[in-house]
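Start at 1 and go down the list; that is how both ligands and their atoms are numbered. Heavy atoms only: backbone and side chains are in, while hydrogens, waters and symmetry mates are out.
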Amino acid sequence: MKALVCERYNDPAAIRVREVDDPIAGAGHVVVDVRAAAVNFTDSLLARDMYQVSAPVPFIPGSEIAGVISEVGDGVDSFAVGDRVFGMAFVGGFAERITMPATALKSIPAGVDYAAAASFFVAFSTSYGALVYAGEVKPGETVVVLGAAGGVGLAAVQIATALGARVIAAASSDEKLVVCREEGAAETVDYSRESLKDRIKQLTDGRGADVVIDPVGGALSEAAFRATGWKGRFVVVGFASGEIAKIALNLPLLKGAEIRSFNIAPFATKEPQALAELERDALAMLADGRLRPRISERYPLGQAAEALIRIESRRAIGKLVVEP
Ligand SMILES: NC(=O)c1ccc[n+]([C@@H]2O[C@H](COP(=O)([O-])OP(=O)(O)OC[C@H]3O[C@@H](n4cnc5c(N)ncnc54)[C@H](OP(=O)(O)O)[C@@H]3O)[C@@H](O)[C@H]2O)c1
């Protein structure tokens, strides 16, 4: 089969499509014919060996997929050949086929297409956990989302809106903020030309935000934290800017605010039951149409490396998918 292979770290020219062995379904596993694989920030970090854990080269990037089961291994009775499934892998998604444990897959709800299903788990489970579990968002509260047109950010805009919150979307261009409004944001801040802190204060009549979702980091983190209100909850999700902010601890002290976090990988290990409940609730919102991943670009396998570059260069809006 054909797959995108990363042969060396930190070298875009060494990520290319080549012929590799077909996967086989071992015990407890199935082979999925990949119809869509979402492109995630983590995929580009892995290709540069800058993620928290390494994928030994050569490896096939691609960490979440949707497709059709073409082979079932011994001991699997939850799925059959022909079933439409989706799920998260660590690597291996940018390929015509992938083998995965049956337990890592779920059935795609009726009416949801492969691209939307492939784009769901990483961005939407993370944002759902950040908003509901970590942020404890309540209807009517004000939620600020940084990097709001990115994969995690736009999912947070959609989910917070669906939960009845008032969303202030913050991003770096008009083009991105138009999309955030289309997905439910009530207000926007262009932090490439406006003061994030002053604008949030202005939009909340001086009270400050109830919750901040931060997948970006850097200088924006402190500016947004300073714009939280009494008992505000600041939720750390990621560092797309490449910089980790250091926040002085007098800031939370002054207003009873809390710095919280949501990180799906350790959460899955430490609190599998809580994650299963979060995913069940988020999936119900996908199934009934309240949530719909916004797919802005689709790439054939042969151009999948370009999708990784687009993510890194801050030009992606919503989700990009590779369709082998
Ligand atoms: N905690 C978790 O469980 C979890 C799960 C998934 C992802 N993450 C992390 O969350 C972060 C965002 O992931 P994502 O999938 O939303 O990525 P994404 O789709 O690429 O969005 C990231 C956003 O960050 C902003 N940004 C600011 N500086 C940037 C830079 N130097 N390069 C790229 N983007 C920059 C961009 O928005 P503007 O241009 O508008 O500033 C961009 O839209 C990543 O750090 C990822 O590793 C964490």
The protein heavy atom nearest to atom 19 (O) of ligand 1 is G151 N, 2.8 Å
Exercise. Are any of the side-chain nitrogens in K2 or E96 under 4.0 Å away from the carboxylate oxygens of its partner?
Worked result: no
- Query: Less than 4.0 Å between a side-chain N and a carboxylate O, is that true for K246 and E222?
  - Reply: no
Atoms of ligand 1 under 4.0 Å from any heavy atom of T126, numbered from 1 in the order shown, are 2 (C), 3 (O), 4 (C), 5 (C), 6 (C)
Q) Is the closest N or O pair between A316 and ligand 1 shorter than 3.5 Å? A) no
the protein heavy atom lying closest to atom 47 (O) of ligand 1 turns out to be F41 CD2, 3.9 Å
In this structure, atom 7 (C) of ligand 1 is nearest to the protein heavy atom V152 CG2, 3.7 Å
CE of M88 to CZ of F120, rounded to nearest 0.5 Å, is 10.5 Å
Near V216 (heavy-atom distance under 4.0 Å), the atoms of ligand 1 are 24 (O), 25 (C), 27 (C)
Next item on the list: Considering only NZ, NE, NH1 and NH2 on the basic side and carboxylate oxygens on the acidic side, decide whether R97 and D21 come within less than 4.0 Å.
Entry: no
Note: E312, heavy atoms under 4.0 Å from ligand 1, region reported as backbone
Numbered in order shown, the ligand 1 atoms found under 4.0 Å of a heavy atom of I264 are 2 (C), 3 (O)
Ligand 1 atoms nearer than 4.0 angstrom to some heavy atom of N263 are 1 (N), 2 (C), 3 (O)
Item checked: ligand 1 N/O within reach of G153 N/O, cut-off under 3.5 Å -> no
Residues at least two apart in sequence or cross-chain that pass side chain to side chain contact (heavy atoms under 4.5 Å, CB included) with R207, listed by chain then number, are D205
Quick note on ligand 1: atoms under 4.0 Å from a heavy atom of S172 include exactly 38 (P), 39 (O), 40 (O), 41 (O)
Atom 11 (C) of ligand 1 has as its nearest protein heavy atom P215 O, 3.3 Å
| request: Using distance alone, decide if ligand 1 has a nitrogen or oxygen within less than 3.5 Å of any nitrogen or oxygen in G147. | output: no
Distance-only N or O hit between ligand 1 and V237, under 3.5 Å = yes
Item to check | N-O pairing of K201 and D198 below 4.0 Å | outcome: no
Ligand 1 to K176, heavy atom cutoff 4.0 Å, flagged ligand atoms 36 (C), 37 (O), 38 (P), 39 (O), 40 (O), 43 (O)
V122 heavy atoms within 4.0 Å reach ligand 1 at atoms 6 (C)
- Polar-atom distance check: R314 versus ligand 1, any N or O pair below 3.5 Å? yes
Point to revise | Y128/Y133 aromatic ring centres below 6.0 Å | key: no
Quick test of your reading of the model: are E323 and R35 salt-bridged, counting only N-O distances below 4.0 Å?
no
Ligand 1 to A171, heavy atom cutoff 4.0 Å, flagged ligand atoms 40 (O)
Heavy atom of Y191 under 4.0 Å from ligand 1? yes
May I ask you to say whether E141 pairs ionically with R166, meaning some side-chain N is under 4.0 Å from a carboxylate O? no
Across all chains, not counting sequence neighbours, the side chain to side chain contact (heavy atoms under 4.5 Å, CB included) partners of N40 are A38, D43, S63, E64, V122, K319
Closest to atom 30 (C) of ligand 1 by heavy-atom distance, out of G242, G318, A240, is A240
the protein heavy atom lying closest to atom 21 (O) of ligand 1 turns out to be G150 CA, 3.4 Å
| Parallel, tilted or perpendicular: which fits the ring planes of Y9 and F59, with parallel below 30° and perpendicular above 60°? | tilted
The salt bridge (Lys or Arg N to Asp or Glu O under 4.0 Å) partner of E183 among R290, R292, R294, K176 is R294
More than 12 foreign heavy atoms under 6.0 Å from CD1 of I24: is that the case here? no
